[in-house]
Amino acid sequence: MRQTIPAALALFTLAFSPAHAQSPKTLDVYVIDVEGGNATLFVSPSGESLLMDTGNAGAAAARDAGRIYDAVKAAGLSKIDHLIITHWHGDHFGGLAELAGKVPIAEFIDHGPNVQPGELADTFLAKTYPQLIANAKHTVAKPGDKIAMTGLQVVVVTSAGQVLKNPLPGAGKPNPYCAAYKPGDNNPEDPQSVGIHVTFGKFRTVHLGDLTRNKEFELMCPNNRLGRVDVLLGLHHGQISSNSAVAVHALHPRVAIMNDGTRKGGEPDVMKTIHSSPGLEDLWQMHFSVLSGQEYTVPGMFIANTVDDAPSALPVAPLPAVAPGPNAPPAPVHNGKAYWIKLSAQQDGSFTVTNTRNGFSKVYQ
Ligand SMILES: [Zn+2]
Ligand SMILES: [Zn+2]
């Protein structure tokens, strides 16, 4: 009895302290600028963490790992509990070794070996990755797998070219957008992406890595196995090889947060699909993209990052996409201070999105 009184008092103090009242337990998501790559950090109300991807390789690896580590520190984390490498492209695993040198990673999740041969991924998987995972848990994800995080339901919905067989609870209705679907694919590795669906109370969000149109169709047709979400994350950098209406419109997001780059994604046709998505209230972007131009971009208050040598205005017309390769002219550079977009979700399904560059914040009740 004597021992339970102080415990009860401590609980009472915790429950009624003003600090506690002002910071209700939220699911926080940090969408980090890695220049048209991916790095998305989920932090559960209990402080458990899940990072999807680690930004770019080569000269950009230290920069991107540093940007991710800034978010890790801001979230008050001392380790990454779960890391997903969605697929073996340099804009997704590139900063991993550098990040692992800064913060411990308890579990590495991937789709299995790379299916697209390439010097960067081949060497990384043969030489570096085995060392990184040697003293950690390593999981090859399958659709339907759950990633254990207290207070959240995290379900793998795609991996290694396979999609979820059975609908999520409450989902599975016929998808009316399937009839207008046009096939489209790009490379062998993007369709392998590990994608996840996250539920926190009434709040729902999904991140499908760089999953391509053909896989969107397999996942979402003839029945929508994911149902509706509040926030759609990632969007494959806003590129046209993903983002069919089959996925975007059927998911019916209130908000989309796109991990585009200065000259990667945000092309006119993608912007048309997103902006015509039923129920969409706002699109937030990691970057101004010259592929949007003023004609297709969202207002700057919804965009987290500019470029180092920022022009006073974005040209009205979008620039055509540049074929990647050694002859491609350089994209506008952003190596300076970078800003993340922070999403904070409540159990009741409401959420707040904040642009940390300009402090603009919007509550979605
Ligand atoms: Zn940037
Ligand atoms: Zn990518």
Side-chain angles (χ1 to χ4, degrees), residues 30-40 51-68 70-71 84-96 110-111 114-116 118 120-121 124 158 185-196 207-213 215-216 233-243 257-267 270 284-292 297 300 302-311 314 321-322 324 330-342 355-358:
Y30 299 78
V31 182
I32 300 157
D33 183 19
V34 287
E35 302 306 317
N38 184 50
T40 308
L51 175 66
M52 282 184 93
D53 293 329
T54 58
N56 288 284
R63 176 199 68 198
D64 288 2
R67 290 176 178 183
I68 296 165
D70 286 343
I84 295 174
I85 296 296
T86 59
H87 63 294
W88 300 113
H89 278 161
D91 56 330
H92 293 260
F93 72 83
L96 175 49
D110 57 55
H111 71 66
N114 60 324
V115 300
Q116 182 179 342
L120 189 69
F124 182 83
T158 62
D185 230 321
N186 53 351
N187 61 59
E189 222 8 83
D190 282 347
Q192 304 286 311
S193 290
V194 177
I196 59 166
H207 193 315
L208 298 175
D210 287 359
L211 197 77
T212 50
R213 286 170 175 258
K215 294 297 170 187
E216 290 174 346
L233 293 166
L235 298 100
H236 188 185
H237 323 299
Q239 292 182 301
I240 194 70
S241 49
S242 303
N243 300 304
I257 306 177
M258 178 192 281
N259 56 4
D260 63 322
T262 62
R263 197 186 58 198
K264 186 172 180 183
E267 294 111 304
V270 173
W284 296 67
Q285 290 181 242
M286 201 75 269
H287 251 285
F288 285 93
S289 171
V290 293
L291 303 190
S292 299
T297 192
F302 292 94
I303 302 178
N305 290 283
T306 61
V307 296
D308 291 342
D309 193 9
L314 194 62
V322 176
V333 173
H334 180 220
N335 289 322
K337 184 162 171 55
Y339 300 90
W340 57 75
I341 290 174
K342 186 174 177 186
N355 180 347
T356 59
R357 175 174 64 87
N358 53 23

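All ligand and atom numbering here is 1-based and tracks the order in the structure. What you see below is based on every heavy atom in this structure, not just the backbone, and it leaves out hydrogens, waters and symmetry mates. Numbering starts at 1 and runs along the sequence shown.
With respect to the Zn ion (ligand 2), Asp91 has OD2 as its nearest N, O or S atom. Take the N/O/S atoms of His334: the one nearest the Zn ion (ligand 1) is ND1. Restricting His237 to its N, O or S atoms, the one at the least distance from the Zn ion (ligand 2) is NE2. Take the N/O/S atoms of Asp210: the one nearest the Zn ion (ligand 2) is OD2.
The angle subtended at the Zn ion (ligand 1) by OD2 of Asp33 and OE2 of Glu35 is 100°, given to the nearest 10°.
The aromatic rings of Trp284 and Phe302 stand perpendicular to each other, their planes meeting at an angle above 60°, with 30° marking the opposite boundary.
The Zn ion (ligand 2) does not have His87 among its coordinating residues (no N/O/S atom, backbone or side chain, under 2.8 Å).
The distance between the ring centers of His237 and His92 falls below 6.0 angstrom.
Residues Phe93 and Ala121 come closest through the heavy atom pair CZ-CA, 3.8 Å.
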Handout entry: Worked check of side chain to side chain contact (heavy atoms under 4.5 Å, CB included) between Asp309 and Val333
Key = CA-CA 8 Å; Asp309 193 9; Val333 173; over 6 Å; no
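Test Ile85, Asp210, Asn259 against Asn38 for side-chain contact (heavy atoms from CB on, under 4.5 Å) and you get one pass: Asn259.
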